[in-house]
Engineer: 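Below is one structure. I have some questions about it.
Only heavy atoms go into these numbers, but all of them, side chains included; no hydrogens, no water, no symmetry mates.
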Amino acid sequence: MYVVSGQGQRALPLGDVFHSVVRFEGPDRQVIWDVDPAAARAARSRIADRAGASGDLLVAAHLPGTCFGRVITGGGPRRFTAV
């Protein structure tokens, strides 16, 4: 995982890790492209947990209608919010 940083802020390019915003709520959901489903679930959970705790900006190439956002962890299930 790459981290882009500058001026005290960080951004995480997600690459092919997330293809839908619902995967932030339930990273255990499997898709056909998960070659190693257990490793993919673990990676999605780890990335979403860290991004939610840090407030880092996420750069998502595959999420429809948005490219930048943050993981929100309070007030219900973890979710992606566009910025």
Side-chain angles (χ1 to χ4, degrees):
M1 178 110 220
Y2 290 97
V3 176
V4 180
S5 63
Q7 299 181 357
Q9 297 190 23
R10 294 168 27 119
L12 309 175
L14 295 176
D16 287 330
V17 177
F18 287 91
H19 287 87
S20 171
V21 295
V22 299
R23 310 248 353 245
F24 289 94
E25 296 175 11
D28 56 332
R29 293 181 175 137
Q30 184 178 336
V31 295
I32 195 168
W33 302 285
D34 289 343
V35 176
D36 183 339
R41 282 190 302 273
R44 283 191 294 273
S45 286
R46 186 173 54 253
I47 291 165
D49 287 345
R50 287 181 184 172
S54 68
D56 290 340
L57 182 68
L58 301 178
V59 183
H62 298 296
L63 301 184
T66 186
C67 184
F68 301 100
R70 288 192 164 74
V71 173
I72 306 299
T73 57
R78 177 178 56 206
R79 62 199 178 282
F80 179 87
T81 301
V83 294

Engineer: Can Asp49 and Arg78 be counted as an ion pair, charged N to O under 4.0 angstrom?
Structural biologist: yes
Engineer: Out of curiosity, does Val3 fall in the hydrophobic cluster containing Ile47 (side-chain heavy atoms, cut-off under 4.5 Å, transitive links)?
Structural biologist: yes
Engineer: Taking the side chain as everything from C-beta on, heavy atoms only, tell me whether Arg10 gets closer than 4.5 Å to Leu57.
Structural biologist: no
Engineer: Identify the heavy atoms of Leu58 and Val71 that sit nearest to each other, and give their distance.
Structural biologist: CD1-CG2, 3.5 Å
Engineer: Output yes when a side-chain donor or acceptor of Arg70 lies under 3.5 Å from a complementary backbone atom of Gly55, and no otherwise.
Structural biologist: yes
Engineer: I need the minimum non-hydrogen distance between Leu12 and Ala51, along with the two atoms involved.
Structural biologist: CD1-CB, 4.3 Å
Engineer: With rounding to the nearest 0.5 angstrom, report the OG to CD distance, Ser54 to Gln9.
Structural biologist: 11.5 Å
Engineer: Looking at Gly69 and Phe80, what are the two nearest heavy atoms and their distance?
Structural biologist: CA-CZ, 3.4 Å
Engineer: Quick one: pull up CZ in Arg44 and CG in Asp34 and give me the separation to the nearest 0.5 Å.
Structural biologist: 4.5 Å
Engineer: Using a 4.5 Å cut-off on heavy atoms from C-beta on, say whether the side chain of Phe18 contacts that of His62.
Structural biologist: no
Engineer: For the residue pair Ile72 and Phe24, establish whether any side-chain heavy-atom pair is separated by less than 4.5 Å.
Structural biologist: no
Engineer: What verdict does the side-chain contact (heavy atoms from CB on, under 4.5 Å) test give for Arg46 and Val17, after you've listed the backbone C-alpha separation in whole Å, the side-chain angles of each residue and the deciding distance to 0.1 Å?
Structural biologist: CA-CA 11 Å; Arg46 186 173 54 253; Val17 177; over 6 Å; no
Engineer: Heavy-atom distance under 4.5 Å between the side chains of Arg79 and Val21, does that happen here?
Structural biologist: no
